[in-house]
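Counting begins at 1 with the first residue of the sequence. Worth knowing before you read on, the calculation uses all heavy atoms, side chains too, and leaves out hydrogens, waters and symmetry mates.
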Amino acid sequence: MRTDKIIAHIYFPYGCQAPARVCRIEYYEDDSQNFFYVFTPDYDVIDRLPPGVFHGIQGLNLRLRKRKYIRKNVLPTFITERAPIHTRENLQCLMAGMNMEKYIPLQWLKQTTSQYFGDEMFVAE
């Protein structure tokens with residue numbers, strides 16, 4: 001059984017300091033096209049951000065202080081707000097421009113230089 005796995009992190013830039021790595025994201029997909037995302041927030045980093053600056057991660061209730069947030073066979077809000085939808089008309093052209101053979105939204109976010117307009121967070125290695 002083959003499993004695709006992608007690991008990335010959510011970064012939150014603020015002030016003149018280096019961006020804070022606030023969460024780890026893991027993506028898994030098996031041969032049956034089942035997939036899931038695992039978000040692991042770094043509460044030690046999040047708790048040190050200045051009050052009123054960091055407003056959370058879309059789709060995750062960080063007040064619950066869960067060690068992991070898992071989304072099975074559902075695209076998480078954080079991902080859907082930042083990556084093109086799979087039915088986008090020119091998605092194949094966009095993928096070709098990024099040398100992607102298969103569209104996996106988390107991989108897209110790792111590779112793109114596009115910025116989400118709602119906040120300054122970004123996804124990287």
**Student:** With sequence neighbours excluded, tell me which residues meet side chain to side chain contact (heavy atoms under 4.5 Å, CB included) with I6.
**Tutor:** Y27, I104, L106, Q107, K110

**Student:** Count I, L, V, M, F, W, Y as connected when their side-chain heavy atoms are under 4.5 Å apart, and connections chain through other members. Are L49 and F39 then in the same cluster?
**Tutor:** yes

**Student:** Tell me, do Y37 and I70 make a side-chain contact under 4.5 Å, heavy atoms counted?
**Tutor:** no

**Student:** Among all residues two or more places apart in sequence or in another chain, which pass the salt bridge (charged side-chain N to carboxylate O under 4.0 Å, His left out) test with D44?
**Tutor:** none

**Student:** For Y28, what residues pass the ring pair (Phe, Tyr, Trp, His ring centres under 6.0 Å) criterion, not counting sequence neighbours?
**Tutor:** F36

**Student:** Can you sort out the partners of Y69 under side chain to side chain donor-acceptor pair (under 3.5 Å), two or more places apart, ordered by chain and number?
**Tutor:**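 Only Y43 meet the side chain to side chain donor-acceptor pair (under 3.5 Å) criterion with Y69.
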
**Student:** First locate atom CZ of R71, then atom CG of N73, and finally report the distance between them rounded to the nearest 0.5 Å.
**Tutor:**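 Taking CZ in R71 and CG in N73, the distance rounds to 13.0 Å.
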
**Student:** Who are the side chain to side chain donor-acceptor pair (under 3.5 Å) partners of D42, not counting sequence neighbours?
**Tutor:** none

**Student:** Compile the donor-acceptor pairs under 3.5 Å between side chains in residues 52-59 and protein atoms, sequence neighbours left out, one pair per line.
**Tutor:**
{"from": "H55", "atom 1": "NE2", "to": "G52", "atom 2": "O", "distance (Å)": "3.2"}
{"from": "Q58", "atom 1": "OE1", "to": "R82", "atom 2": "NH1", "distance (Å)": "3.3"}
{"from": "Q58", "atom 1": "NE2", "to": "D119", "atom 2": "OD2", "distance (Å)": "2.8"}

**Student:** Name all pairs fulfilling the salt bridge (charged side-chain N to carboxylate O under 4.0 Å, His left out) condition that reach into residues 47-59, sequence neighbours left out, sorted by first residue then second.
**Tutor:**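 Counting only pairs at least two positions apart or across chains, the salt bridge (charged side-chain N to carboxylate O under 4.0 Å, His left out) contacts touching residues 47-59 are D47-R65.
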
**Student:** Just jot down the salt bridge (charged side-chain N to carboxylate O under 4.0 Å, His left out) partners of E26, sequence neighbours excluded, or say none.
**Tutor:** R24

**Student:** After noting the C-alpha distance and the side-chain angles of I25 and L109, does the key distance pass the side-chain contact (heavy atoms from CB on, under 4.5 Å) rule?
**Tutor:** CA-CA 11 Å; I25 309 174; L109 292 175; over 6 Å; no

**Student:** Looking only at non-hydrogen atoms, find the nearest pair between D30 and S32 and report the distance.
**Tutor:** OD1-N, 2.9 Å

**Student:** Show every donor-acceptor pair shorter than 3.5 Å between a side-chain atom in residues 9-18 and any protein atom, with sequence neighbours excluded, or say none if there are none.
**Tutor:**
{"from": "H9", "atom 1": "ND1", "to": "E125", "atom 2": "O", "distance (Å)": "3.1"}
{"from": "Y11", "atom 1": "OH", "to": "E125", "atom 2": "O", "distance (Å)": "3.0"}
{"from": "Y14", "atom 1": "OH", "to": "Q17", "atom 2": "OE1", "distance (Å)": "2.8"}

**Student:** Side chain to side chain donor-acceptor pair (under 3.5 Å) with T40: which residues, sequence neighbours excluded?
**Tutor:**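 For T40 the side chain to side chain donor-acceptor pair (under 3.5 Å) partners, ignoring immediate neighbours, are K68.
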
**Student:** Output every pair passing salt bridge (charged side-chain N to carboxylate O under 4.0 Å, His left out) with a member in residues 8-21, not counting sequence neighbours, ordered by first then second residue.
**Tutor:**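 Qualifying pairs, neighbours excluded: none.
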
**Student:** Evaluate whether atom CD of E81 has more than 12 neighbouring non-hydrogen atoms of other residues, nucleotides or ligands under 6.0 angstrom away.
**Tutor:** yes

